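A quick note: this is a predicted structure, and the numbers were derived from the prediction, not measured. Letters A, B, ... are given to chains in the order of the sequence lines, protein chains preceding strands, and every chain is numbered from 1.
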Amino acid sequence: MSGLPKFYLTTAIDYSNGDPHLGQALEKIGADCIARYRRLRGDAVHFLMGMDEHSQSVIQAAARAGVTPAQWVGRMADTFAGYWRRLHCSNDDWIRTTEPRHARGVTALLERIQQRQPGDLFVADYEGLYCTGCEEFKTEAQIVNGHCIEHPTLELIRTRERNHFFRLSAYRDAVLERIRSGALAVEPQIRRNEVVRLLEDGLQDISISRQRQAWGIPFPGDTEQTVYVWFDALTNYLSATGFPDAGYERLWPADLHVVGKNITRFHCIIWPAMLLAADLPLPRAVRAHGFVLWEGTKMSKTAGTAVTLGEAIDRHGADALRYFLLREVGFDNDGEFTWERFDARYSSELADTLGNLVKRSLDMIHRYRGGVVPRGTGALDEAALGLIGAYQRAMDAARLDEGAAHWMQLAARANGYIQETLPWELAKAGKDAELDHVLASLARTVGRLAVLGLPFTPAAAATVWGLLGGSGPVEGVRLGELETFDPAGRQVAKPPILFPKPKAAPA
RNA sequence: GGCAGGGUAGCUCAGGUGGUUAGAGCACGGCACUCAUAAUGCCGGGGUCGCGGGUUCGAGUCCCGCCCCUGCUACCA
């Protein structure tokens with residue numbers, strides 16, 4: 001790890017309720033794509049994912065299921081982690097906010113702020129509408145016609161509660177300066193504009209503790225209260241580094257927080273302010289992704305007709321879903337998911353362009369050269385290096401859809417090259433030297449495609465790398481090696497069909 | 001209401017600082033080829049560049065007005 005540039009990236013931690021959906025999958029896949037790409041570049045990547053388990057809804061969900069909250073969140077964590085494994089997420093760590101290491105981190109962060117900026121934590125009254133059914137305060141969005149959505153027969157009570165507060169207002173200028181200067185990069189631009197605007201309007205202090213909630217981290221020095229959402233959830237990024245134990249600086253600050261566009265402000269305002277108060281370095285960048293839409297509406301559990309994540313994976317496999325979400329849906333903007341589009345992309349690009357190229361190339365090496373890659377040069381290399389450059393520029397800027405497009409363009413170019421050089425004609429005419437050049441070019445291209453495709457379709461990348469007789473896992477390859485990559489002399493395996501097309505389109 | 005972004009071929013989108021016949025992919029039609037997952041390649045049809053004015057020799061690209069869509073407008077992750 002020493003010597004290599006450190007790259008610590010995180011995803012938002014998910015609520016412990018229900019199954020993950022496509023929108024959450026997009027975030028994890030996007031972050032994983034970035035993580036895998038950074039590893040290809042040679043960065044010392046540390047990729048964190050995890051679960052947010054202290055929400056009030058956990059208690060109710062557990063009660064409904066007849067289990068303890070701890071059992072409930074354990075189940076949920078297993079469910080989520082299972083999906084992320086199926087999607088080939090390569091996270092190095094997995095944090096749950098109910099873990100002792102996280103409670104220690106949260107406590108230590110609060111104590112550190114208390115120590116360095118004692119005036120920034122203070123006790124005051126929080127006033128809000130309290131639902132006796134839910135036993136919690138309700139926000140405007142949770143109130144319909146003056147009643148709690150879940151308990152419309154109960155009256156909401158205007159209640160005051162003594163809570164611990166954080167002097168968020170004191171950090172407006174400092175946070176604004178960090179964002180304006182780019183020290184804290186907020187991307188894409190539209191999210192940065194929104195956050196800057198919010199900061200310009202000014203900030204209010206926020207309450208950071210709650211009474212009557214046993215399910216949570218005890219507030220330091222106040223056994224009556226537990227730490228409220230912000231300080232609990234956001235701190236996971238820090239507590240996962242081992243903070244406050246020595247050595248956490250090896251990872252902190254985070255290089256990139258990947259979050260949904262709906263929670264950018266927490267990551268770009270409250271979180272930086274917390275860190276400033278604690279005199280800790282700020283994350284370098286926050287990237288907000290868009291949502292996956294289904295028939296024009298946001299993907300969520302309440303949208304009954306929406307596709308489930310399991311169905312989407314089952315359709316054509318995890319690689320295909322990853323590719324589709326990153327290529328067609330995109331990461332920065334909202335994008336539509338439909339079976340028609342998914343099937344079309346899968347068929348025309350993964351199966352016909354890429355999968356077919358791999359198959360026909362390796363089949364010809366078997367048919368004409370007994371499966372041994374010949375030595376030779378070819379015009380394809382020049383195009384390949386150009387496209388690899390374009391790919392890198394796009395991926396460096398986290399424009400994942402563009403990166404995927406350049407990757408696929410290389411496969412398309414190789415198909416065109418075959419049509420131009422007509423290797424079967426060369427074989428018939430006995431033009432062995434020319435045929436060697438063509439087949440060698442194709443073998444190099446297939447290998448490069450395997451490496452470039454790793455961030456998008458990791459399973460297929462490993463398969464293709466293996467077919468080419470690559471030594472060691474494809475994850476061990478570095479982008480810098482691609483220019484001189486040459487599998488000449490290797491025995492290649494008989495190629496399978498990488499992305500099989502269903503006979504009839506499933507309904 | 002305020003602020004921000006967007007409305008370009010059937011669909012998804014590219015189109016730095018204004019300049020010859022507005023591009024790509026998919027889908028569609030024709031042709032070629034056979035190594036390959038009836039796969040590949042080539043050619044082609046298809047667009048009042050949201051609407052209306054203006055600046056300019058010339059605007060999708062600048063200015064004004066209008067219409068429509070999306071996001072943000074803070075203690076829900």
Selected nucleotide, minimal atom distance to A:Arg197 side chain, candidates B:C75, B:U34, B:G2: B:G2
Aromatic ring pairing A:Phe166/A:Phe231, orientation class (parallel under 30°, perpendicular over 60°, tilted between): perpendicular
Whole-angstrom distance between B:G60 and B:G53, as gauged at atom P: 14 Å
Sugar-phosphate only, base, or nothing, as touched by A:Ile269 at under 4.0 Å among non-hydrogen atoms: nothing
Length of the CD-P vector between A:Glu194 and B:C72, whole Å: 7 Å
Annotated protein contacts, base or backbone, on nucleotides 36-45 of chain B with a non-hydrogen cut-off under 4.0 Å, one of B, S, - each: BB-SBS----
Between B:U55 and B:G19 - C1' atom distance, rounded Å: 16 Å
Closest contact, heavy atoms only, A:Tyr83 versus A:Pro20: CD1-CG, 3.5 Å
Interatomic distance, A:Asn262 CG vs B:A77 P [rounded to whole Å]: 10 Å
Integer-rounded Å distance: B:C3 C1' and A:Ile190 CD1: 11 Å
Sugar-phosphate, base or nothing in reach of A:Ser207, heavy atoms under 4.0 Å: base
Side-chain ion pair, A:Glu194 and A:Arg197, N-O less than 4.0 Å: no
Sugar-phosphate, base or nothing in reach of A:Glu402, heavy atoms under 4.0 Å: nothing
Stems formed with participation of RNA chain B [Watson-Crick or G-U wobble, under 3.5 Å, three or more pairs]: B:1-7 with B:67-73, B:10-13 with B:23-26, B:28-32 with B:40-44, B:50-54 with B:62-66
Any side-chain heavy-atom pair of A:Val123 and A:Asp222 under 4.5 Å: no
Same-atom distance (C1') from B:C63 to B:C31, integer angstrom: 50 Å
Sole candidate of A:Ile29, A:Asp401, A:Leu400 that passes side-chain contact (heavy atoms from CB on, under 4.5 Å) when paired with A:Leu325: A:Ile29
Side chains of A:Asn236 and A:Thr97, donor plus acceptor under 3.5 Å: no
A:Arg490 side-chain N/O to A:Val373 backbone N/O, donor-acceptor pair under 3.5 Å: no
Between C1' of B:C33 and NZ of A:Lys428, the distance in whole Å: 10 Å
Sugar-phosphate, base or nothing in reach of A:Arg345, heavy atoms under 4.0 Å: nothing
Inter-nucleotide P distance (B:U8, B:U12), Å rounded: 9 Å
Nearest-Å distance once atom P is located in both B:C13 and B:G2: 28 Å
Parallel, tilted or perpendicular: rings of A:Phe456 and A:Trp407 (30°, 60°): parallel
RNA chain B: 5'-proximal contact among A:Glu349 and A:Asp52 (nearest heavy atom): A:Glu349
Donor-acceptor pair, side chain of A:Glu328 and main chain of A:Phe337, under 3.5 angstrom: no
Separation of atom NZ in A:Lys261 from atom C1' in B:A74, rounded to whole Å: 17 Å
Span that lies between the P atom of B:A39 and that of B:G16, in whole angstrom: 37 Å
Sidechain-backbone polar pair: A:Asn163 side chain, A:Ser209 backbone, donor-acceptor under 3.5 Å: yes
Rounded interatomic separation in angstrom, taking CZ from A:Phe324 and C1' from B:G25: 14 Å
Spacing between A:Asn333 atom CG and B:G7 atom P, to the nearest angstrom: 11 Å
d(NZ, A:Lys431; C1', B:C35) in whole Å: 17 Å
Test of ring centre spacing under 6.0 Å for A:Phe324 and A:Tyr346: no
Interatomic distance at C1', B:C42 relative to B:U34, whole Å: 15 Å
Sugar-phosphate, base or nothing in reach of A:Val229, heavy atoms under 4.0 Å: sugar-phosphate
Atom C1', compared across B:A59 and B:C68: separation rounded to whole Å: 23 Å
